[in-house]
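Below, read A as the first sequence line, B as the second, and so on, with proteins coming before strands; counting in each chain starts at 1.
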There are 2 protein chains.
Amino acid sequence: MSLPYAVLGILTYSPMTGYNLGKIFNKSVNYSWTASLSQIYRELGILEKKGYVLSDIQQQDDKPNKKIYHITNDGKRAFDEWLTDFPEFFSAPKRDEFTLRLFFGSKVGAVELIKQFKRFIEERQNFKQMMVEGKKTLTEMIKNAKKNETELSIQQDEIFWHFIVKRALMTNQMLIQWAKECITELEAMLSQEKQRSE
Amino acid sequence: MSLPYAVLGILTYSPMTGYNLGKIFNKSVNYSWTASLSQIYRELGILEKKGYVLSDIQQQDDKPNKKIYHITNDGKRAFDEWLTDFPEFFSAPKRDEFTLRLFFGSKVGAVELIKQFKRFIEERQNFKQMMVEGKKTLTEMIKNAKKNETELSIQQDEIFWHFIVKRALMTNQMLIQWAKECITELEAMLSQEKQRSE
DNA sequence: AGGGCCATGTAACCTGTTACATGATTGA
DNA sequence: TCAATCATGTAACAGGTTACATGGCCCT
């Protein structure tokens with residue numbers, strides 16, 4: 001539902017190849033949206049049929065030829081329409097394997113779950129570090145993609161990217177806090193059980 | 001990937017109809033997992049072919065007949081295997097329309113975005129209220145589904161459901177905080193712009 | 001010599017959404 | 001009387017994942 005607009009939106013910054021688009025997507029995985037390369041290639045094909053993008057082939061001798069996509073006026077119009085048409089409800093359906101397993105936590109056992117919570121915290125701490133480095137690369141990548149333009153327009157975007165990064169970091173911090181509290185409660189439960197059996 | 005196990009997991013509590021399963025799923029939407037009724041009916045069909053569940057038809061004169069599904073030993077084994085086989089990474093791919101639009105925030109404009117952030121906060125505050133009431137119903141529903149059993153086994157589950165509810169509430173609170181901070185930053189930006197243009 | 005990056009996609013499959021079809025009971 | 005709840009599903013479609021296929025350059 002959003003993928004075509006995400007693709008169009010990226011192309012408003014600069015014409016680029018499907019491969020390049022994939023790179024930007026996969027950098028923004030950590031922030032808000034994921035898409036695989038094959039998905040992007042397929043989507044670009046659909047968008048071209050609709051007349052929302054056009055492509056030019058750029059010959060290259062040393063590397064495979066590039067197919068550079070750029071957005072058309074029709075595409076821009078479609079994107080703008082989507083952009084300003086905010087959905088009535090914001091919350092997306094959640095599907096989270098870990099929480100699902102937690103739902104059946106009594107069948108897993110507290111000892112095992114404490115282990116898993118600790119792994120969970122570790123993963124989150126690694127993510128935190130990645131984010132600090134990751135923010136730079138996204139900005140740089142878009143700068144690279146539009147070498148010929150001024151940097152002024154990117155500057156305007158930075159506050160919004162900062163919002164997204166902030167959200168990701170806050171979410172992360174909150175989840176670490178949550179996991180720690182769960183561990184504490186589970187350990188309390190375990191020591192109570194021990195006392196009762198003694 | 002997880003849907004079949006979610007279905008099997010619910011059926012370990014008690015045999016029930018597809019309709020009933022759907023109810024439980026839709027109550028747990030707010031917590032961790034969503035599935036539509038049609039998805040559940042299809043999945044039950046697949047699970048029956050695999051021999052993970054079996055069904056008995058219960059005649060009813062006043063209402064449509066019930067098809068009551070129960071889990072088989074094979075099904076239990078498959079569920080247990082999944083349950084104890086935690087994935088290497090916990091984080092699920094994120095697809096969030098609101099954050100995606102934020103990514104292109106400079107094209108939306110600060111004034112419009114402040115409006116949207118306020119709607120976002122409102123939705124979250126409504127959600128908060130729903131959760132407080134919602135927790136009871138899930139517990140009650142499972143109690144209803146297994147009238148004939150003791151309440152002891154549900155008691156063991158409650159700590160884990162409490163973890164899930166807690167996570168949802170913490171996420172919610174954090175998002176409200178985030179949105180408020182974003183509004184503050186956007187308003188600061190707007191007043192700066194005004195000053196410059198005067 | 002082997003893996004990673006650049007660069008293109010296709011095809012099969014799995015999962016999720018939406019719309020349709022049917023029909024009785026119960027409460028506002 | 002009209003909507004909601006109980007109860008079953010099917011069919012078409014949309015979106016996402018995984019595997020396959022090709023091939024040269026660059027760095028270790």
Checklist line | Sequence neighbours excluded - side-chain hydrogen bond (donor to acceptor under 3.5 Å, both in side chains) pairs with any residue from residues 71-84 of chain B | finding: B:D74-B:R77
Next item on the list: Return yes if a side-chain donor-acceptor contact under 3.5 Å exists between A:Q173 and A:Q177, otherwise no.
Entry: no
Notebook entry, point to check: On the ring face of B:Y13, is A:K107 found with NZ or CZ under 6.0 Å from the centre and within 45° of the axis?
Noted result: yes
Notebook entry, point to check: Taking the side chain of A:R95 as its heavy atoms from C-beta onward, which of D:dA7, C:dT17, D:dG16 lies nearest to it?
Noted result: C:dT17
Next item on the list: May I ask you to check if A:R167 and A:F163 form a cation-pi contact, with NZ or CZ under 6.0 angstrom from the six-membered ring centre and within 45° of the axis?
Entry: no
Next item on the list: Please determine if a side-chain N or O atom of A:K23 lies less than 4.0 Å away from the OP1 or OP2 oxygen of C:dA7.
Entry: no
Item checked: Which residues share a ring-ring contact (aromatic ring centres under 6.0 Å, His included) with A:F117, sequence neighbours left out -> A:F98, A:W178
Checklist line | Nearest-0.5 Å distance, CD of residue A:Q156 to CD of residue A:E158 | finding: 11.0 Å
Check: Nearest-Å distance, CG (A:N20) to C1' (C:dT8)?
Finding: 14 Å
Check: In terms of the nearest nucleotide of DNA chain D, which residue is placed more toward the 5' end: B:P93 or B:T17?
Finding: B:T17
Next item on the list: Tell me which nucleotide among C:dA7, D:dT5, C:dT17 gets nearest to the side chain of B:Y19.
Entry: D:dT5
Notebook entry, point to check: So what is the end-to-end bend of the helix from C:dA1-D:dT28 to C:dA28-D:dT1, with 5 pairs used at each end and the value given to 10 degrees?
Noted result: 50°
Note to self: Connecting only ILVMFWY residues whose side-chain heavy atoms lie within less than 4.5 Å of each other, what is the rest of A:Y19's hydrophobic cluster?
What the structure shows: A:L37, A:Y41
Notebook entry, point to check: Are A:E112 and A:R101 within salt-bridge range, i.e. N to O under 4.0 Å?
Noted result: no
Next item on the list: Would you mind classifying the nucleic acid contact of B:G18 as base, sugar-phosphate or nothing, using non-hydrogen atoms under 4.0 angstrom?
Entry: sugar-phosphate
Margin query: Output the rounded distance in Å from CD (A:Q39) to C1' (D:dT17).
Written below: 8 Å
Next item on the list: Can you sort out which residues in residues 82-91 of chain B have a heavy atom within less than 4.0 Å of DNA chain D? Ascending by number, please.
Entry: none
Next item on the list: Do nucleotides 9-14 of chain D as a string where each nucleotide becomes B, S or -: B if the base has a protein heavy atom under 4.0 Å, S if just the sugar-phosphate does, - if no protein is that close.
Entry: BB----
Checklist line | Within the 6.0 Å centroid threshold, strictly below: B:F104 and A:F79 | finding: yes
